[in-house]
Amino acid sequence: MKKIFVLLLLSLITKGYPQFTKNIFSKDPIINLENFQKQKLHFGFYLGFNSYDFKIDYKTESPDILVNKTTGFNVGLVTDLRLHEYINLRFEPGLYYTKRDLNYDESYFSTTNVPFTSSNRLREVNSTYINFPLLLKFSSLRTGNIRPFLLGGASATLNLSSNSKSKDDNLEQRFRVKSWTTNYELGFGIDLFSEYFIFSPSVRGVFGLNDELIRDKDPNSPWTGNIESMKTRAVFINFTFH
């Protein structure tokens with residue numbers, strides 16, 4: 001699936017490469033889509049990659065729970081409302097796939113009756129998110145066919161793989177987090193105007209605001225007992241087409 005996704009993305013980008021080099025990065029470019037962003041409302045879609053992490057705070061000092069991150073992928077839609085010449089309101093709902101592995105130190109099991117085994121020390125957190133960000137886009141003055149921008153706003157995220165309704169917990173190999181989380185998002189990017197569309201690569205940081213962890217029934221659980229809070233941290237790299 002990832003290979004197909006990467007090939008699709010590369011084909012979309014490289015298809016317009018000759019016109020990019022001629023009309024965007026030349027010294028005296030032809031101005032493309034001059035009136036496109038003067039529209040009150042326009043739409044687009046994006047493809048991209050993500051890297052999710054957890055920010056973990058502890059009740060007492062202890063070895064860190066190691067979070068092994070993987071690269072996931074994103075796909076979504078864009079609705080852009082022009083508020084001002086340099087300010088746009090954007091709604092970018094999307095589907096995000098990711099995976100994180102939590103590795104626990106042996107000390108977490110030393111005061112419990114749970115044995116320290118390879119299956120107990122590792123928890124796989126597979127997540128399928130539907131993200132609902134509402135963002136403000138602050139664009140600079142357009143120079144030829146290039147226009148940098150900043151993004152910032154808030155989002156609500158639904159985790160379809162949260163296991164929040166499961167009655168089983170970590171003793172039954174079930175790691176649970178809350179279904180809904182809230183975040184703030186900050187990022188930057190650049191609009192590149194080609195003859196037929198706008199290509200906008202961007203980088204964005206996502207910072208969870210609320211504790212996501214659902215504790216085990218045992219308050220002294222080695223997996224959740226010493227965790228004060230667990231919040232999402234993520235980086236998105238998106239390639240948007242308008």
S.K.: Quick check: does any side chain N or O of Asp216 sit under 3.5 Å from a backbone N or O of Gly225, one acting as donor and the other as acceptor?
M.R.: no
S.K.: Check the side chains of Glu185 and Asn131 for a donor-acceptor pair under 3.5 angstrom, ignoring hydrogens and angles.
M.R.: yes
S.K.: I need the minimum non-hydrogen distance between Ser229 and Asp211, along with the two atoms involved.
M.R.: CA-OD1, 3.4 Å
S.K.: Whether Arg204 and Glu92 form a salt bridge (side-chain N of Lys/Arg under 4.0 Å from carboxylate O of Asp/Glu) is what I want to check.
M.R.: yes
S.K.: Excluding sequence neighbours, so at least two apart, what forms side chain to side chain contact (heavy atoms under 4.5 Å, CB included) with Asn120?
M.R.: Phe109, Val114, Pro115, Thr117, Arg123, Gln173, Trp223
S.K.: If we count only N and O atoms by modelled type, under 3.5 Å, do the side chains of Ser62 and Tyr108 hold a donor and an acceptor together?
M.R.: yes
S.K.: What pairs with Phe91 under ring pair (Phe, Tyr, Trp, His ring centres under 6.0 Å), at least two apart in sequence or on another chain?
M.R.: none
S.K.: Do other residues, nucleotides or ligands put more than 12 heavy atoms under 6.0 Å from the CD atom of Glu172?
M.R.: yes
S.K.: Got a sec, which residues hit side chain to side chain contact (heavy atoms under 4.5 Å, CB included) with Asp53, two or more places apart in sequence or on another chain?
M.R.: Val67, Lys69, Arg233
S.K.: For Asp168, which residues count as a salt bridge (Lys or Arg N to Asp or Glu O under 4.0 Å) partner, sequence neighbours excluded?
M.R.: none
S.K.: Please enumerate all residues that pass side chain to side chain contact (heavy atoms under 4.5 Å, CB included) together with Lys59, with sequence neighbours excluded.
M.R.: Asn226, Glu228
S.K.: Applying side chain to side chain contact (heavy atoms under 4.5 Å, CB included), can you list everything that pairs with Thr128, at least two apart in sequence or on another chain?
M.R.: Leu95, Tyr97, Leu160, Ser161
S.K.: Measuring centre to centre across the rings, with the benzene-like ring taken for any Trp, is Phe239 within less than 6.0 Å of Tyr46?
M.R.: no
S.K.: Taking all non-hydrogen atoms of both residues into account, name the closest pair between Gly208 and Asn183 and its distance.
M.R.: CA-OD1, 3.4 Å
S.K.: Do the side-chain N and O atoms of Asn238 and Ser202 include a donor-acceptor pair separated by under 3.5 angstrom?
M.R.: no
S.K.: May I ask you to check whether Phe236 and Tyr52 place their ring centers less than 6.0 Å from one another?
M.R.: yes
S.K.: Looking only at the side chains, is there a donor atom on one of Ser200 and Asp191 sitting less than 3.5 Å from an acceptor on the other?
M.R.: yes
S.K.: Taking everything shown except Phe188 itself, do over 12 heavy atoms lie less than 6.0 Å from its CZ?
M.R.: no
S.K.: Is the closest side-chain donor-acceptor distance between Ser179 and Ser162 under 3.5 Å?
M.R.: yes
